[in-house]
Amino acid sequence: MARERRIKATFTDGRSYFENLLGRQFDFTAATGPYEYLLGALSGCLFSTFKDIAPKELTWKKSEIEVCGVKREDEEVQTLKKTSLHFVVSGCNDEKLYRKCVTKASELCSIFNTIKCVSEMEITYTFI
């Protein structure tokens with residue numbers, strides 16, 4: 001069954017924000033604008049997909065994803081030109097399996113695949 005996601009965005013002279021169905025508000029500011037939310041959504045979607053497909057024998061203590069997006073500025077439509085995701089993983093018991101699961105998750109993640117239509121995608125890792 002399809003799960004609908006819905007937000008409501010409000011733009012006034014004094015404030016620009018969106019809110020979810022629970023009424024939680026997220027401001028659009030110079031530091032947290034649309035691209036920061038897009039990159040945050042990418043990391044959340046990719047990691048949620050990763051957790052869904054990772055086998056129980058794969059364990060890790062902490063995973064962080066540093067996401068960087070570079071916009072095109074020389075074209076009329078300024079989409080992302082390059083998107084880099086750097087995983088920093090501590091306490092992983094099987095680095096090869098972790099990488100394999102991230103690769104599979106990137107093939108299944110809807111936001112990753114949407115951005116991939118316009119952007120070069122790069123995934124790198126640091127295992128601690």
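Predicted, not measured: the structure shown is a model, and the values here were computed from it.
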A.B. asks: Supply the atom-to-atom distance K61 NZ to I128 CD1, rounded to the nearest 0.5 angstrom.
C.D. replies: 11.5 Å

A.B. asks: Rounded to the nearest 0.5 Å, what separation is found between the CG atom of L85 and the CE atom of M121?
C.D. replies: 5.5 Å

A.B. asks: Are the side chains of D94 and K96 in contact, using a 4.5 Å heavy-atom criterion?
C.D. replies: yes

A.B. asks: Looking at T49 and C45, what are the two nearest heavy atoms and their distance?
C.D. replies: OG1-O, 2.8 Å

A.B. asks: Taking the side chain from S106 and the backbone from T103, do they hold a donor-acceptor pair closer than 3.5 Å?
C.D. replies: yes

A.B. asks: I'd like to know if the side chain of N93 and the backbone of L58 have a donor-acceptor N/O pair within less than 3.5 Å.
C.D. replies: no

A.B. asks: Take I115 and L38, measure what side-chain contact (heavy atoms from CB on, under 4.5 Å) needs, and give me the verdict at the end.
C.D. replies: CA-CA 9 Å; I115 296 171; L38 176 64; 3.9 Å; yes

A.B. asks: Let me see the working for T126 and H86 under side-chain contact (heavy atoms from CB on, under 4.5 Å), right down to the final yes or no.
C.D. replies: CA-CA 8 Å; T126 299; H86 182 71; 2.8 Å; yes

A.B. asks: How far does CG of L97 sit from CD of E57, to the nearest 0.5 angstrom?
C.D. replies: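 Reported value, rounded in 0.5 Å steps: 6.5 Å.
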
A.B. asks: For a quick test of reading the model, state the closest non-hydrogen atom pair linking Q78 to R72 and the distance between them.
C.D. replies: CB-O, 3.1 Å

A.B. asks: Report yes if the side chains of N20 and F26 come closer than 4.5 Å at any heavy-atom pair, otherwise no.
C.D. replies: yes

A.B. asks: Would L46 and I111 count as a side-chain contact (heavy atoms from CB on, under 4.5 Å) if you check the C-alpha gap in whole Å, the side-chain angles of each, and the deciding distance to 0.1 Å?
C.D. replies: CA-CA 8 Å; L46 183 60; I111 295 175; over 6 Å; no

A.B. asks: Donor-acceptor check, side chain of S119 to backbone of T83, threshold 3.5 angstrom: yes or no?
C.D. replies: yes

A.B. asks: How far does CG of L80 sit from SG of C68, to the nearest 0.5 angstrom?
C.D. replies: 9.5 Å

A.B. asks: Do other residues, nucleotides or ligands put more than 12 heavy atoms under 6.0 Å from the NZ atom of K100?
C.D. replies: no

A.B. asks: State the CG-CD distance between L39 and E66, to the nearest 0.5 angstrom.
C.D. replies: 12.5 Å

A.B. asks: Using a 3.5 Å distance criterion without hydrogens, assess whether the side chain of D27 forms a donor-acceptor pair with backbone atoms of R15.
C.D. replies: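 Side chain of D27 to backbone of R15: no pair is present.
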
A.B. asks: Can we say E19 and R24 salt-bridge, meaning some charged N sits less than 4.0 Å from an Asp/Glu carboxylate O?
C.D. replies: no

A.B. asks: For the aromatic rings, using the six-membered ring if either is Trp, is the centroid distance between F127 and W60 under 6.0 Å?
C.D. replies: no

A.B. asks: Can you list every side chain to side chain donor-acceptor pair (under 3.5 Å) pair that touches residues 31-43, not counting sequence neighbours?
C.D. replies: T29-T32

A.B. asks: Do the rings of F87 and Y98 sit parallel, tilted or perpendicular, given the 30° and 60° boundaries?
C.D. replies: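 Perpendicular.
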
A.B. asks: Run the ring-centre check on F28 versus F18 and record whether the distance is less than 6.0 Å.
C.D. replies: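 F28 vs F18: aromatic centres under 6.0 Å.
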
A.B. asks: Can you give me the closest heavy-atom contact between C101 and A54, atom names plus distance?
C.D. replies: SG-CA, 4.0 Å

A.B. asks: The test is side-chain contact (heavy atoms from CB on, under 4.5 Å); show your working for L42 and F47 and say whether it passes.
C.D. replies: CA-CA 8 Å; L42 169 61; F47 198 75; over 6 Å; no

A.B. asks: When rounded to the nearest 0.5 angstrom, what distance separates OG1 in T10 from OH in Y17?
C.D. replies: 3.5 Å

